[in-house]
Amino acid sequence: MAVETSVTQTSRHGTDPLVLGRRIRHARTSANLTLRQLADAVGSTTSQLSLVENGRREPRLSLLTAIAEVLGTTAAQLLSVEPPPDRRAQLEIALERAQRGPLFASLGVPPVRPGRRLPLDALESLVALHGELERRARASIATPEEARRINTELRLEMQERNNYVPEIEEIAEEFVRSVGYTGGALTHRMVSQMAERLGFTIIHVDDLPHSTRTVTDLENGRIYLPPASIPGGYGLRSLALQAMAHRIFGHESPKNYGDFLRQRQELAYFTACCLVPRFAAVTFLERQKAAKDLAMEDFRDAFGVTHHSAAQRFTNLATSLLGIPVHFIRANSDGALYRGYENDGVPLPTDATGAIEGQLLCRKWAARAAFTRRDRTTEFFQYTDTPAGTYWCSTQTGATTDAEFSITLGVPFAHAKWFRGRETTRRARSTCPDESCCRRPSPDLIARWRDKSWPSAKMHAHVLSPLPSGTFPGVDDTEVYEFLQAHAPDES
């Protein structure tokens, strides 16, 4: 059966849906047709065409062709990448975009509908005001933002791929099979054999340069790792695999910070694929899904990795191979978002640039609510109603030497049926990013303390830290070269 083509694919590479909608509206009003008349002529409904004209729905090619024929134009002209047809259309599009962004949502005020009755000078003023708000928001975070900007680009790229990279999956799968891996936890012995296949020997030392996690001696075929102080520890397998991945992907010295972060992303993905190989993971997860008993703690234990790694690895496989949209959150106990991913529409908080790092999560989300319970030995389950829908989440808390953190794996309500913990009766309601949800004190508290308190803000140590120079960002070349010289084999 033939599948009708959607304009969605076309617009991703050309026309913006808002521009397309305004071009259709301009052509319709120029033809003196009402929305009802056009809907009757093309066999559609006024509600559907209204969504199209407002850029909220992209018409199928057959509908677009019918619209173009009635309006005396062509689908190609409507899909043109040229600017909107007139100044008013340009302003309406700018206002729509501004009011759909996170900066406007944080204001907690109703949007202004840019209809025909709104005067042109009012449109000009509103767009100018939103532009100034955007400029000020960007200016306030402009200084150290290069890495955040690139991180955002990488996150959105992975979101488009459902966080799944089959090319790296295949490389890793072939690599682990070559040393006899069939399932369960990847052993240290297997990791050593993988290094040997690349011509390297793993050596543990206690004097690694402070700015490095590993050092690879390409001349003498050595990978230097920290001491094996924790037998069977996940971290050392991970570090060794990341060092090997540099060679497998043929990485060269990064030209800029963007190159550096892309390399780190490849290393992390390859390492996850080796520690939790696709063929073994999918077999395990499909069995658990069939039993409606998916649980991150079981997935974690089956492959001998951390809860963080298990939940994040689940996001690689869940959508593309199990048909489950998902989100992942790592947050600090103060509610700051440290790392996040979503392809299920959950409204992760962002700043004016679209970055999520450091943004505060809603106090009512499971990622923060989990810190309020006394017994944290087991996973915390919760349903949360949000402006984007209802989500089920499983959260596990933990601690480092510096702070507490939470790891959250969540799915839309319809997919909770596959997970252990779905029977929880805990439910919360969040209206964030509306600040009245949890970020504004009650009027009584404001009246009581506004003029009678002065909190002293804590400054993060990294705020004013410059990026160290070196062959690789953050690496002290002198220290590394002196280390290699000290550990090189005696050539005599």
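Along the sequence shown, residues carry numbers from 1. All values reported here derive from a predicted model rather than from experimental measurement.
A donor atom on one side chain and an acceptor atom on the other are not found under 3.5 Å apart for R264 and Y269. With hydrogens and angles left out, the side-chain atoms of S309 and T306 include a donor and acceptor closer than 3.5 Å. A side-chain donor from one of H251 and E266 sits under 3.5 Å from a side-chain acceptor of the other. A donor and an acceptor atom, one from each side chain of N316 and R278, are nowhere located under 3.5 Å apart. No hydrogens or angles considered: nothing links the side chains of Q242 and H246 as a donor-acceptor pair under 3.5 Å.
For an aromatic pair to be called close, the ring centres must be under 6.0 Å apart, and Y338 with H308 fails this. Between Y383 and F413, the distance separating the two ring centers is shorter than 6.0 angstrom. Here the two rings, on H327 and Y341, have centers that are 6.0 Å apart or farther. F381 has its ring centre less than 6.0 Å from the ring centre of W392. Residues F270 and F249 place their aromatic rings such that the two centres sit under 6.0 Å apart.
Residues L409 and T315 meet the side-chain proximity criterion, which asks for heavy atoms closer than 4.5 Å. Residues T395 and E379 form no side-chain contact, since every pair of their non-hydrogen atoms from C-beta on lies 4.5 Å or further apart. Inter-residue side-chain proximity for T390 and R427 is flagged as met; some heavy-atom pair is nearer than 4.5 Å. With a 4.5 Å cut-off on side-chain heavy atoms, V179 and R197 count as touching. No side-chain heavy atom of Q90 sits under 4.5 Å from any side-chain heavy atom of R22. With a 4.5 Å cut-off on side-chain heavy atoms, Y164 and L321 count as touching. In this structure, the side chains of T384 and R429 stay at 4.5 Å or more apart for every pair of heavy atoms. Within the 4.5 Å cutoff, the side chain of P347 has no heavy atoms near those of the C432 side chain.
Under the 3.5 Å distance criterion, the side-chain polar atoms of Q396 are matched with a main-chain donor or acceptor of R376. Judged by distance alone, the side chain of T400 and the main-chain N or O of A403 form a donor-acceptor pair under 3.5 Å. Looking at D385, its side chain never comes within 3.5 Å of a backbone N or O of P387 through a donor-acceptor pair. Of the possible polar contacts, one joining the Q99 side chain to the V112 backbone as a donor-acceptor pair under 3.5 Å is found. In this structure, the side chain of R422 engages the main chain of K292 through a donor-acceptor pair within 3.5 Å. R237 places a side-chain N or O within donor-acceptor distance of the main-chain N or O of L186, the cut-off being under 3.5 Å. A donor-acceptor pair is defined here as one N or O able to donate and one able to accept, closer than 3.5 Å; such a pair exists between the side chain of K289 and the backbone of L322. Panel note: side chain N332, backbone D334; no donor-acceptor pair is recorded below 3.5 Å.
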Could you give me the CA-CA distance, side-chain angles and deciding distance for E132 and R135, then say whether salt bridge (charged side-chain N to carboxylate O under 4.0 Å, His left out) is met? CA-CA 5 Å; E132 179 60 15; R135 186 196 68 76; 2.8 Å; yes
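For R161 and E157, the salt-bridge test fails: no basic side-chain N is under 4.0 Å from an acidic carboxylate O. Between E92 and R113 there is no salt bridge, since none of the side-chain N atoms of the basic residue sits less than 4.0 Å from a carboxylate O of the acidic one. The pair D293-R420 counts as a salt bridge, with a side-chain nitrogen and a carboxylate oxygen less than 4.0 angstrom apart.
How far CG of L337 is from CG of L360: 9.5 Å, rounded to the nearest 0.5 Å. Atom CZ of R368 is separated from atom OG1 of T397 by 14.5 Å, given to the nearest 0.5 angstrom. Atom CD of E435 and atom CG of L107 lie 7.5 Å apart (nearest 0.5 Å). Between Y224 atom OH and F200 atom CZ the span is 11.5 Å, to the nearest 0.5 Å. We find the CD-CG distance between Q265 and N151 to be 8.5 Å, quoted to the nearest 0.5 Å.
The shortest heavy-atom contact between L225 and L208 is C-CD1, 3.8 Å. Of all non-hydrogen atoms in A367 and L361, the two that sit nearest each other are CB-CD1, 3.8 Å.
Contacts of F175 classified as ring pair (Phe, Tyr, Trp, His ring centres under 6.0 Å), with partners at least two apart in sequence or in another chain: none. Considering only residues two or more places apart in sequence or on other chains, S320 meets the side chain to side chain donor-acceptor pair (under 3.5 Å) condition with none of them.
Listed by first and then second residue, the salt bridge (charged side-chain N to carboxylate O under 4.0 Å, His left out) pairs involving residues 312-325 are E169-R313 (not counting sequence neighbours).
Counting heavy-atom neighbours within 6.0 Å of R330 CZ, excluding the residue itself, gives a total above 12.
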